[in-house]
Amino acid sequence: MEMNEFRDLVLALVQDGALGYDQKVRRLAALATDALDYPALSPECREALDKRVICDLYEGHAPFTPRYVLPDYELALANGSKHLELDAPLVLDDALAFLQIMYTHVPSVTTYPVYLGDLDKVLARFVDGITDEQLDDKLRRFWIGLDRMLPDAFVHLDLGPTDSRITRSILRVERSLRQVVPNITLKVDPLLTPDDLLLDAVHTVFETGKPHFVNHPMMVGDHGPRYAAVSCYNSLKIGGGAHTLVRLNLAEVVLRHSGGVDAFLADTLPQYVALTSELIEARVRSLVDQQHFFETNWLATEGLISIDRFTAMFGVFGLAEAVNRLIECEGGSGRYGHDVSADQVSYRVIERVAELVAARPQPYCAGGNGTASLHSQGGIDLDQNVTAGTRIPVGEEPPLLQHIATCAPHHRLFPAGISDIVHFDETAVRNPQAVVDIIRGALESGMRDFTFNLDSNEFIRITGYLVRKRDLVDIAVSGARHASDYLAAGSEAAFHLSERAVQRVGCHELAPRLRR
Amino acid sequence: MSSLHGFVADTVSFSCVDGPGNRFVVFLQGCNFNCVACHNPQTIACPIDGASKARLRTIESLLTQIGQAAPFLSGITVSGGEATQQASFVGALFTAINHDAGLQRLTCFVDTNGAADERTWDDLLPVMDGAMVDLKCLDPQIHYRLTGQPNDQVLQSIRYLQRAGRLYEVRLLLVPGVNDNPALLHRTAAWLAAVDPAMRVKLIGFRCHGVRPMMPELNEASAADMQAAAAVFAGIGRFAVTVV
């Protein structure tokens, strides 16, 4: 970057009337690292990055923090922290204060925690002798703090799969406050999660658009019991996390391919998977070997995270466009989600990606068994004309049963997370058991995550994170408190999302940079 | 073997408006009523007159289709048309579901206009988990105007199914100015409360969507109309009332 360009960007940023102070500070930091040299890459990898066939999600030129960090909060509360100068708490008030303090010291590419803990378990030993009413009061105060202190809806906590007083209290508080922060995932096990809890959670989705529902047995199979869903749809190990997320735009890869499906799987796809893997390795080595994150950060030195539980995320998106074009190239007309042969091509593509990623060792990725972990990536606000992850394009979704039947076979291949957002009309509100039935069926059919939107909801879901419709009004003039509102406002302006009959939209994972 | 075939107007894999939970719905062709307010008038015609688009379906083909949706379902509902017009087919379908290891956890419901005799119910009761019965109007004359048929069998069915423990819900389709005057609704609520004071009652406001053009035109129910109707029911019995 030339100095003049850099100065112009900084000036535009500091003078931006719609950005708050914190938001400016975060973006200035991102700009500063972008002024450094990028980790060394081969010319082919560099070109693929420049042409956005591969995308590093603007994590910065010199990664100095892992993308997603999942501290072991239970351990922190048990041991206390030298770094924070806090003793192990003995009562709920102290535990909540401890967590609130700790959250402000958890790094990520977004500068704030994307994981707040499995709070039902983290707080379990502090609630004996506290009535439900007292618990609601205390959590309510804590909850307001989270929403006002943490900047956006990528802040995530997990609950379940078993029922608990804390879980029920959190759902009550959620329904009463209707906040954007935090986002929530409920872990669902067909044997451990009672219908009654699922019904309570479904009622909460009707009110607030949260929680997501994840397939606990499938997650445990991939990660072991200590896992969590964080940020949006990223499933990783507790006490670990992800160094980086690099994503491959399958739609762009197909544009660089001539020939049919077999040649794509044999030649073109492996070539770009290799380039993506190269970029992942360069970024991981930069973080670990150059910036020495794990030798210096307090979470690592106090044992609250361990590099052995980290992985890197290999994201893919644009599968729908890729499949449709491959079918066209072979003279067919079937479309992904509507034609069995097109769906079969989609499975072959993803199985091939999974096979290639599993065969490519990555440094410092013991958390992914020595390789990167596959992730169906939702997209960012700069993506145009390309469908999130492995989803069926917005507006083209087939009826729900067929939709799930098409998408479910992909889910087992994405241990680091995948999402398909389904949509219910308002009649579901009068029959929440129907939604519970569908959640159970979807998880039994092999879906890793089940997320639904309700037509009439005041909250709209932009991949994993939520925005309140009323927060989008006049954002250009008056700014917004939640950073994710800006991302949503950008896509709202570009795609008129809220005017669509189906409000399932492309993902907008954080793009921590200026619009250029 | 004839009982193993049914005239099926359509099927819906997922429905959250046809009974408890998510349900697979089979709409049978043919109805013994001819309601002016019918939302699916294409399903009224007798299946053998050739005018309908209904298809002759086997139990096996329906079981295959239900099997694909089964993990997502609380059960199945047979609607119509009028389900009981093809009662032997409905009975055979429910029996087959009850005997299928993969499907037997599904509950089997009938959505009916209630115009069926006790023998028909006696055949279905052993294999049926519940019925949702439409009561178009308590007043026989108005009932006749709305449906072209008397209502004595409907009222009998409601009582009979309740005694058999299979009455899941009674539904009232309220057409403003026709069957919603407060005195009539009061009598209706009292009659239903005498059958079962804790009955599940669904009050449905008439909507023009799907309905055949009528002279004179029927009016849609407003939110205020429905509120007024709900208020009448709130004053009587211990009904679980839903307003749609």
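Order of the sequence lines sets the chain letters (A, B, ...), proteins ahead of strands, with each chain counted from 1. Note: hydrogens, waters and symmetry copies are ignored here, and every other heavy atom, side chains too, is used.
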Which one of B:Val17, B:Val244, B:Leu73 has the most heavy-atom pairs closer than 4.5 Å to chain A?
B:Val244
What part of A:Ser445 lies closer than 4.5 angstrom to a heavy atom of chain B: side chain, backbone, both or neither?
side chain
To the nearest 0.5 Å, atom CD of B:Gln68 lies from atom CD of A:Gln402 at 10.5 Å
Over 12 non-hydrogen atoms of neighbours within 6.0 angstrom of CZ in B:Arg55
no
Quick check: does any side chain N or O of A:Asn431 sit under 3.5 Å from a backbone N or O of B:Gly19, one acting as donor and the other as acceptor?
yes
Against chain B, label A:Ala405 side chain, backbone, both or neither, depending on which of its atoms sit under 4.5 Å from a heavy atom there.
neither
Below 4.5 Å from any heavy atom of chain A, which atoms of B:Ser13 appear? Answer side chain, backbone, both or neither.
side chain
Mind listing the closest non-hydrogen atom pair of B:Phe72 and A:Ile438 along with its distance?
CD2-O, 3.6 Å
Is it the case that more than 12 heavy atoms not belonging to A:Arg175 sit under 6.0 Å from its CZ atom?
yes
Between CG on residue A:Asp425 and SG on residue B:Cys16, distance to nearest 0.5 Å:
6.0 Å
Tell me which of these, B:Ala69, B:Gly21, B:Pro71, B:Pro20, has more heavy-atom pairs under 4.5 Å with chain A than the rest.
B:Gly21
Atom group of A:Ile439 that falls short of 4.5 Å from chain B, counting heavy atoms
neither
Turns out that what part of B:Val243 lies under 4.5 Å from chain A's heavy atoms comes down to backbone
